[in-house]
There are 2 protein chains.
Amino acid sequence: MSGRTVTIAQVAKHAGVAVSTVSYVLSGKRTISADTRRRVLDSISALGYHPNAGARALASKRSNVIALVLPLRAGMHVPVLMRFASAVVTAARRFDHDVLLLTADEGPEGIRRVAASALVDALVLMDVELDDRRVPLLRELAEPSVLIGFPAEPAGLTCVDLDFAAAGARCVEHLAERGHEEIALLGAPSVVYDRGTGFATRTREGFARALDAHGLKGVTLPCEETFDEVYETVRDLLLDRPGLSGLVVHNEAAVSHVLAALRQLDRRVPHDVAVVAICPDDVAERAGPPLTSVLIPAEEVGREAVRLVMDKLEGRAVPESTLLTPLLAVRAST
Amino acid sequence: MSGRTVTIAQVAKHAGVAVSTVSYVLSGKRTISADTRRRVLDSISALGYHPNAGARALASKRSNVIALVLPLRAGMHVPVLMRFASAVVTAARRFDHDVLLLTADEGPEGIRRVAASALVDALVLMDVELDDRRVPLLRELAEPSVLIGFPAEPAGLTCVDLDFAAAGARCVEHLAERGHEEIALLGAPSVVYDRGTGFATRTREGFARALDAHGLKGVTLPCEETFDEVYETVRDLLLDRPGLSGLVVHNEAAVSHVLAALRQLDRRVPHDVAVVAICPDDVAERAGPPLTSVLIPAEEVGREAVRLVMDKLEGRAVPESTLLTPLLAVRAST
DNA sequence: GCCGGTCGTCGAAGCGCTTCGACACTCTCA
DNA sequence: TGAGAGTGTCGAAGCGCTTCGACGACCGGC
């Protein structure tokens, strides 16, 4: 509308009030008469006013931006990450905040930079590992932070994640209900276990514990991500354990290879082998046949992380640990 | 180190110079003696000074932040998107800029908001569609922008993308060299063509044109993403065209289904049917067998987009259209 | 009819930085 | 030796906003 950037002073003049009055209308921090408020709001939309973010941040010591820090290794998880990211942005907007995207390239120094420069008010870290070198930094930062995933020593931090142990257990339980007596978990590539990624380890533990609890036989195996390796793993597994009739797959990239391998080995799903996956819903639905799955609730995790970080910004107390209950959707594969 | 946020004034005092001198050391906009510069830099690191982003933005009218706008529909492309995003962040950091992540939820209004509030200096839009409702807004914005992908009417805009027409043609060429005489393109799901997504359409055109140029027979088909649908498509295709010996797959999610379907139909790759994919490298490598592919150079596209947007910020002229040459990597499938 | 208490509004003081003009030097060349 | 041209540094004026204290206007209670 007007000749380039509109300032609060122009709005004030247009509405015939003081600058501070406009500010109070916008923030609601003091009572303003209904009449004045209306005039101010009218002027704002007439002029197309948008408060200058820099000025606002400078004066209020709040940038209304949170940092979203990508994982150190891109790993396997890519589509899920994107949904986290998208959920975080959407949730943040609901609290009138924007999201700054940080990669691991810069390392912890990048986190320090955006925090110290007051570019962001708070941080959300995705896909935290057991031994994460970003974690020590977070402890000394004044800005609040929330981790998605759990480091080895989470005391004093705020962490949120799917309850992977419960997810592993839930799959076992489901197969036990269906009468299976010998089952296997195909997990992440072995390198993922080696570097101590929390979610992989915890799924395996939950799986193993539930196996005992239900008196089932079974194994857990790492699982690589090329077709040939998956094929060998599945073939050997079926050879070694003729009684095996159920499979839990916790590896998004391997899911379709596992199914293809079973087809090639002449095992019908679910008739000969029942398959449960732990993966995003769309992957499960797109598979042939559609898979019974425990979905990874990316949206919910992202939303929850933002809620927690906003609570911390407001000075409210939050739980150190938030575990989201896994939900199992039954489809054609069991 | 010191008691909370360090300001430029404290640095100036510590170094025994004026505030403006510190500023000039940092920006390099005026000559400063080597001696003074050293003292200032020492003070900066001694105090752990980080310039306040809000103050800087306010005074300089530059936030040093660019917006990265996610596509309107999450669609199929998720892993590629993440690599774009990551590449954009990394490239932006090289120009001393940060990246603000925007989703489509807010629609064009979100773009207007961050631009008008001076939160960002410039915009990069991912995965632009032929008829993209964000495009008209960009034309009236003062802030420079770069699109990844091409809208129907790109005049006056700055667009960058893989040259998909060339990619389609490159696949044909490769198969022609190998002596194939009848080939097919399995593309995106039909809904993607219906909504006029540029890259799908352009691949198809490039494919068709190259077919003529090399005197080959062939068809192009849309391709859904569940195993059963892919299986039917492939089965019918082989039935209809007994002479067919080459397949181009431009659909990341369908790649492994196509291979599984061929296996089930007893067609060996590459002996009976050669397969070329247009997809990210890791998908091609992970397939069984590893696929000859034209990779989607996500990193390069992201880097190029940032370079262009930085050029525009500096007032340098940039080409309206930047097409990146596709590179074909030969693997076991042809 | 006067006093204390809200309520609604205003003016001004920063927030931490960039940038402009000024100014004291030191060189260089006539 | 003095004018002219650089250098290197400083002080001060904003940038556009929030927030604090101040201050009329109006209320009810005695």
Side-chain angles (χ1 to χ4, degrees), chain A residues 2-41 43-44 47-65 96 113-119 121, chain B residues 2-41 43-44 47-65 96 113-119 121:
Chain A
S2 66
R4 270 330 9 122
T5 56
V6 185
T7 72
I8 196 174
Q10 295 174 38
V11 174
K13 186 142 113 207
H14 187 274
V17 299
V19 163
S20 50
T21 302
V22 177
S23 177
Y24 286 125
V25 166
L26 251 21
S27 70
K29 293 196 178 174
R30 287 203 180 169
T31 46
I32 296 287
S33 68
D35 180 53
T36 305
R37 177 198 316 291
R38 267 232 325 107
R39 260 185 312 137
V40 168
L41 292 177
S43 297
I44 285 176
L47 299 177
Y49 169 67
H50 289 263
N52 179 293
R56 183 171 264 199
L58 179 57
S60 69
K61 311 199 158 309
R62 283 294 191 93
S63 67
N64 275 31
V65 174
D96 200 34
R113 182 177 56 82
V114 295
S117 68
L119 229 189
D121 297 333
Chain B
S2 67
R4 264 346 350 128
T5 54
V6 184
T7 73
I8 196 173
Q10 295 172 37
V11 174
K13 187 142 113 205
H14 186 274
V17 300
V19 163
S20 50
T21 302
V22 177
S23 177
Y24 286 125
V25 166
L26 252 20
S27 70
K29 293 195 178 175
R30 286 205 181 169
T31 46
I32 297 287
S33 68
D35 179 54
T36 305
R37 177 198 315 291
R38 266 229 329 106
R39 259 185 314 137
V40 168
L41 292 177
S43 298
I44 285 176
L47 300 176
Y49 168 67
H50 288 263
N52 179 293
R56 185 171 262 198
L58 180 57
S60 68
K61 309 197 161 312
R62 282 294 191 91
S63 67
N64 275 31
V65 174
D96 200 34
R113 182 176 56 80
V114 296
S117 69
L119 229 189
D121 297 333

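The sequence lines fix the lettering, A, B, ..., with proteins before strands; numbering per chain opens at 1.
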Problem set entry | Boundaries of the DNA chain C segment in contact with chain A, non-hydrogen, under 4.0 Å | C:dG8 to C:dG16

Exercise. Who pairs with B:Asp35 by salt bridge (Lys or Arg N to Asp or Glu O under 4.0 Å), at least two apart in sequence or on another chain?
Worked result: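 With sequence neighbours excluded, B:Asp35 shows a salt bridge (Lys or Arg N to Asp or Glu O under 4.0 Å) to no residue whatsoever.
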
Exercise. Does A:Arg62 have any salt bridge (Lys or Arg N to Asp or Glu O under 4.0 Å) partners at least two apart in sequence or in another chain, and if so, which?
Worked result: none

For this session: Would you jot down, in residue-number order, the residues of residues 22-30 of chain A having a non-hydrogen atom under 4.0 Å from DNA chain D?
Result: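 The stretch gives A:Ser23, A:Tyr24, A:Lys29, A:Arg30 as the residues lying under 4.0 Å from the strand, ordered by number.
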
Problem set entry | Interface with DNA chain D, restricted to residues 50-61 of chain B and to heavy atoms under 4.0 Å |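 Heavy-atom contacts with DNA chain D come from B:Leu58, B:Ala59, B:Lys61.
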
Seminar exercise, completed: As a check of understanding: the bend across the helix from C:dG1-D:dC30 to C:dA30-D:dT1, end axes from five pairs, rounded to 10 degrees, works out to 40°

Exercise. Can you tell me if A:Asn52 uses its side chain to pair, donor with acceptor, with the backbone of B:Leu58 under 3.5 Å?
Worked result: no

Exercise. Counting only N and O atoms by type, is there a donor-acceptor contact under 3.5 Å from the side chain of A:Asp96 to the main-chain atoms of A:Asn64?
Worked result: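 No, the answer is negative, given that no donor and acceptor are paired below the 3.5 Å cut-off.
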
Problem set entry | Option from B:Arg38, B:Lys13, B:His14 for which side-chain contact (heavy atoms from CB on, under 4.5 Å) with B:Ser43 holds |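 Per the side-chain contact (heavy atoms from CB on, under 4.5 Å) rule, the option paired with B:Ser43 is B:His14, out of B:Arg38, B:Lys13, B:His14.
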
Report the residues that fulfil side-chain hydrogen bond (donor to acceptor under 3.5 Å, both in side chains) with [X], sequence neighbours left out, ordered by chain and then residue number.
X        : answer
B:Thr36  : B:Ser33
B:Arg113 : A:Asp98, B:Glu106
A:Asp121 : A:Ser63
A:Arg30  : none

For this session: Work out which heavy atom in B:Arg56 is nearest to a heavy atom in B:Pro51; give both atom names and the distance.
Result: NH2-CG, 3.4 Å

Just the atom pairs and distances: protein N or O near nucleotides 26-28 of chain D's N or O, under 3.5 Å.
none

Exercise. Starting at CZ of B:Arg37 and ending at C1' of D:dT7, how long is that distance when rounded to a whole Å?
Worked result: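 Spelled out: CZ on B:Arg37 to C1' on D:dT7 is 13 Å.
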
For this session: Select base, sugar-phosphate, or nothing to describe what B:Val17 touches, counting heavy atoms under 4.0 Å on all strands.
Result: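 The residue B:Val17 makes sugar-phosphate contact but no base contact.
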
For this session: Report the distance from atom NE2 of A:His50 to atom OG1 of A:Thr7, rounding to the nearest 0.5 Å.
Result: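 Reported to 0.5 Å precision, the distance equals 14.0 Å.
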
Problem set entry | Separation of B:Ile8 CD1 from B:Leu47 CG (nearest 0.5 Å) |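 Separation between the atoms: 12.0 Å.
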
Exercise. Given side chains that start at C-beta, do those of B:Val6 and B:Val11 come closer than 4.5 Å, heavy atoms only?
Worked result: yes

Sequence neighbours left out, cut at 3.5 Å: what donor-acceptor pairs do the side chains of residues 16-28 of chain B make with other protein atoms?
{"residue": "B:Ser27", "atom": "OG", "partner": "B:Ser23", "partner atom": "O", "Å": "3.3"}
{"residue": "B:Ser27", "atom": "OG", "partner": "B:Lys29", "partner atom": "N", "Å": "3.3"}

Exercise. Any side-chain N or O of B:Ser33 under 4.0 Å from OP1/OP2 of D:dG8?
Worked result: no

